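In listed order, ligands and their atoms are each counted from 1. Everything quoted here is computed from the prediction, not taken from an experiment.
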Amino acid sequence: MILLGPPGAGKGTQAAILSQTLKIPHISTGDIFRANIKSGTELGVIAKRYIDEGKLVPDDITIGIVEDRLKSDDCINGFIMDGFPRTIPQAEMFDQMLDKHQKAVELVVNIQVPDEAIIKRMSGRRMCACGRTYHVENNPPQKEGLCDTCGGTLYIRDDDREETVIERLKTYHQQTSPLVAYYEAKKLVLNVDGMKPIDETTKEILTAIEKK
Ligand code: AP5
Ligand code: MG
Ligand code: ZN
C-alpha cells in the first residue's frame, strides 16, 4: 500500500496506525532521512541540503534506500509506503522493483487536504523518533511533550517552518501530484478526505482493504 498526499495530509499518522493494525512495516523515506541526519551519516548530510529547502532528495539516492529497506525479512507480507514514490521516475522504478519479485502495488490511498489547512496543521505538529506523530490540538499525547508509545521526547521538525512548508507544497504540486493520474490509470487509487477525524480516515482505508 502507498500513502500519497501533500505534506501534512496525515500520511505518517495513518501509516503508524495501519502498521499496528495490519502488522506490516511502515516505511517512511522522510523518517529514514531524518534518522540519518540525526546520526550524521553521509546520506544524512546530503539529504539535509534538500530537505531544509523543501526540495526532493534526488531520485537515485531515494530509490537506493528503498531498495535496501525492502530487502528486510519483515517486508515479505507487504508494507506501507509513506512518502515514496514521490516522482514519476520513482514510481516507475518502484513498479520494476516489485515486478522482479512478482509483486505489485495493491492500493494507493490519496489523502486530500487543501493547502490553507496544511500550513495551519504543520505549526502544531510534534514528532517522535519512533515514527509516531502528534498535534498539540488535534492529536495531543497523554503527557505533554512525551510519546505515548515509547516515552520519547517529542520534537518539532526543522522543515515545519512556514517558509519551508510553502516550498514543500510547491514541490508537491509540481513533482508529486502527477502520481495521482499515474495510479488512477492503473485503477489503484482510493481518494480519502484528510480533513475528517483521524479514526474515520483509518476506517475508510481498512474498509477498502477488506474489499480488495
Ligand atoms: P516527509 O517526512 O515524507 O514529509 P512530507 O511528505 O512533507 O509529509 P509530512 O511528514 O510533513 O506529513 P504527513 O502527511 O506524514 O502528515 P502527518 O501524519 O505528520 O518528507 C520530508 C522531506 O524528505 C521531503 O520534503 C523531501 O525533501 C524528503 N523526502 C522524503 N521522501 C522523499 C522521496 N520519496 N523522494 C525525494 N525526497 C523525499 O500529519 C501532520 C499533522 O497533522 C500532525 O500534527 C498530525 O497530528 C495532524 N493530523 C493528521 N491527520 C489529521 C486529521 N485527520 N485531522 C487533524 N489533524 C491531523
Ligand atoms: Mg510524514
Ligand atoms: Zn515514540
Side-chain angles (χ1 to χ4, degrees), residues 2-18 26-37 43-44 46-66 69 80-91 93-94 109-113 117-141 143 145-160 164-172 175-176 179 192-205:
I2 295 172
L3 296 179
L4 205 63
K11 302 182 296 293
T13 302
Q14 293 297 332
I17 303 170
L18 292 166
H26 166 196
I27 302 175
S28 157
T29 39
D31 286 348
I32 296 174
F33 290 137
R34 280 184 290 278
N36 276 276
I37 292 172
L43 169 65
I46 298 169
K48 189 170 165 38
R49 273 188 243 147
Y50 296 94
I51 293 177
D52 285 351
E53 289 187 14
K55 298 205 166 74
L56 296 182
V57 177
D59 285 340
D60 53 338
I61 299 178
T62 308
I63 290 164
I65 64 162
V66 171
R69 178 64 185 83
I80 301 166
M81 295 303 312
D82 159 13
F84 179 93
R86 243 176 158 98
T87 63
I88 297 283
Q90 287 182 16
M93 284 301 294
F94 190 46
V109 179
N110 180 34
I111 310 181
Q112 297 169 310
V113 174
I118 286 168
I119 296 176
K120 249 194 226 158
R121 256 188 205 184
M122 298 311 228
S123 61
R125 171 161 63 183
R126 299 293 180 270
M127 302 280 297
C128 180
C130 80
R132 263 196 80 168
T133 306
Y134 300 86
H135 191 280
V136 288
E137 284 158 20
N138 306 335
N139 185 22
K143 280 193 205 139
L146 297 177
C147 176
D148 296 345
T149 308
C150 75
T153 304
L154 304 184
Y155 68 93
I156 299 176
R157 264 168 58 173
D158 283 343
D159 61 345
D160 277 352
T164 318
V165 172
I166 291 169
E167 282 310 308
R168 286 161 62 197
L169 278 170
K170 267 192 218 154
T171 304
Y172 169 79
Q175 292 179 272
T176 307
L179 289 182
V192 297
D193 177 2
M195 293 299 286
K196 287 191 194 160
I198 293 169
D199 57 337
E200 276 186 38
T201 304
T202 310
K203 260 185 232 156
E204 236 176 274
I205 300 172

Notebook entry, point to check: Can you check whether Ile156 reaches Arg126 side chain to side chain, under 4.5 Å on heavy atoms?
Noted result: yes
Next item on the list: Record the part of Ile51 in heavy-atom contact with ligand 1 below 4.0 Å; permitted values are side chain, backbone, both and neither.
Entry: both
Check: Does the side chain of Leu146 reach to within under 4.5 Å of the side chain of Thr153, using non-hydrogen atoms?
Finding: yes
Margin query: Within ligand 1, which atoms have a heavy atom of Met122 less than 4.0 Å away?
Written below: 11 (O)
Next item on the list: For the pair Lys11 (side chain) and Gly5 (backbone), establish whether a donor and an acceptor sit closer than 3.5 Å, ignoring hydrogens and angles.
Entry: yes
Item checked: Gln90: numbered ligand 1 atoms lying under 4.0 Å from its heavy atoms -> 33 (C), 34 (N), 35 (N), 36 (C)
Next item on the list: Sort by chain and number the protein N/O/S atoms found under 2.8 Å from the Zn ion (ligand 3).
Entry: Cys128 SG, Cys130 SG, Cys147 SG, Cys150 SG
Item checked: Side-chain touch Met81/Val66, heavy atoms, less than 4.5 angstrom -> yes
Note to self: Restricting to non-hydrogen atoms, name the atom on Ala16 and the atom on Gly131 that form the minimum distance, rounded to 0.1 Å.
What the structure shows: CB-O, 4.5 Å
Item checked: Check: Pro141 and Leu154 side chains under 4.5 Å, non-hydrogen atoms -> yes
Item checked: Contact check, side chains of Ile51 and Val57, non-hydrogen atoms, under 4.5 Å -> yes
Note to self: Treating Thr29 as the side-chain partner and Gly83 as the backbone partner, does any N or O pair qualify as donor plus acceptor under 3.5 Å?
What the structure shows: yes
Item checked: Residues Glu200, Lys203: salt bridge by 4.0 Å N-O rule -> no
Check: If you measure from each heavy atom of Met195 to ligand 1, is any distance below 4.0 Å?
Finding: no
Notebook entry, point to check: If hydrogens are left out, which of Lys55, Lys120, Glu137 has an atom nearest to atom 26 (C) of ligand 1, that is, the closest non-hydrogen atom?
Noted result: Lys55
Next item on the list: Considering only non-hydrogen protein atoms, determine which one is nearest to atom 19 (O) of ligand 1 and report residue, atom name and distance to 0.1 Å.
Entry: Arg125 NH1, 2.6 Å
Checklist line | Distance-minimising heavy-atom pair for Gln90 and Asp59 | finding: NE2-OD1, 2.9 Å
Item checked: Ligand-side contact atoms (ligand 1) for residue partner Asn138, heavy atom cut-off under 4.0 Å -> 55 (C), 56 (N)
Next item on the list: Would you mind checking which non-hydrogen protein atom is closest to atom 54 (N) of ligand 1, with the distance to 0.1 Å?
Entry: Arg121 NH2, 3.4 Å
Next item on the list: Show which atoms of ligand 1 fall inside a sub-4.0 Å distance from at least one heavy-atom site of Ala9.
Entry: 14 (O), 16 (O)
Check: What atoms of ligand 1 come closer than 4.0 angstrom to any heavy atom of Arg34?
Finding: 2 (O), 21 (C)
Next item on the list: Looking only at protein heavy atoms, identify the closest one to atom 37 (N) of ligand 1 and say how far it is in Å.
Entry: Val57 N, 3.0 Å
Checklist line | Partner set under side-chain hydrogen bond (donor to acceptor under 3.5 Å, both in side chains) for Glu53, not counting sequence neighbours | finding: Lys55
Next item on the list: Number the atoms of ligand 1 from 1 as they appear, then name those within less than 4.0 Å of a heavy atom of Gly194, with their elements.
Entry: 52 (C), 53 (N)
Check: To which of Gly10, Ala47, Pro58, Gly5 does the heavy atom nearest atom 16 (O) of ligand 1 belong?
Finding: Gly10
Note to self: Would Thr201 count as a contact residue for ligand 1, given that I'm defining contact as a non-hydrogen atom of the residue lying under 4.0 Å from a ligand atom?
What the structure shows: no
Notebook entry, point to check: Got an N/O contact under 3.5 Å between Gln14 and ligand 1?
Noted result: no
Next item on the list: Give the residue, atom name and distance (to 0.1 Å) of the protein heavy atom nearest atom 18 (O) of ligand 1.
Entry: Thr13 OG1, 2.5 Å
Next item on the list: Flag Asp160 as yes when one of its N or O atoms lies below 3.5 Å from any N or O atom of ligand 1, and as no otherwise.
Entry: no
Notebook entry, point to check: Between the side chain of Arg157 and the main-chain N/O of Arg34, is any donor-acceptor distance below 3.5 Å?
Noted result: no
Checklist line | Nearest non-hydrogen protein atom, atom 44 (O) of ligand 1 | finding: Tyr134 O, 2.8 Å
Notebook entry, point to check: Which atoms of ligand 1 are found less than 4.0 Å from any heavy atom of Gly12?
Noted result: 13 (P), 15 (O), 18 (O)
Next item on the list: Measure the distance from atom 20 (O) of ligand 1 to every protein heavy atom, then report the residue, atom name and distance (to 0.1 Å) of the closest one.
Entry: Arg86 NH2, 3.4 Å
Next item on the list: State, yes or no, whether a side-chain contact exists between Gln14 and Val192 at a heavy-atom distance under 4.5 Å.
Entry: no
Next item on the list: Report yes if some heavy atom in the side chain of Leu4 is under 4.5 Å from a heavy atom in the side chain of Val109; otherwise report no.
Entry: no
Checklist line | Residues in ring-ring contact (aromatic ring centres under 6.0 Å, His included) contact with Phe84, at least two apart in sequence or another chain | finding: Phe94
Check: Any idea which of Ser123, Ala91, Gly8 brings a heavy atom closest to atom 40 (C) of ligand 1?
Finding: Gly8
Checklist line | Pick from Glu200, Arg157, Lys11: the one approaching atom 4 (O) of ligand 1 most closely through a non-hydrogen atom | finding: Arg157
Note to self: Between Asp160 and Arg121, does any NZ, NE, NH1 or NH2 come within less than 4.0 Å of an OD or OE carboxylate oxygen?
What the structure shows: no
Checklist line | Heavy-atom side-chain proximity of His26 to Asp31 below 4.5 angstrom | finding: yes
Item checked: Side chain Thr176, main chain Arg86, donor-acceptor under 3.5 Å -> yes
Next item on the list: Check whether any heavy atom of Ser28 sits under 4.0 Å from an atom of ligand 1.
Entry: no
Item checked: Residue list, ring-ring contact (aromatic ring centres under 6.0 Å, His included) with Tyr134, at least two apart or on another chain -> none
Item checked: Residue His135 vicinity, atoms of ligand 1 by number, heavy atom under 4.0 Å -> 44 (O), 46 (O)
Checklist line | atom 34 (N) of ligand 1 [closest protein heavy-atom partner, distance rounded to 0.1 Å] | finding: Gly83 O, 2.9 Å
Note to self: Give me the residue, atom name and distance of the protein heavy atom closest to atom 51 (C) of ligand 1.
What the structure shows: Ile198 CG1, 3.5 Å
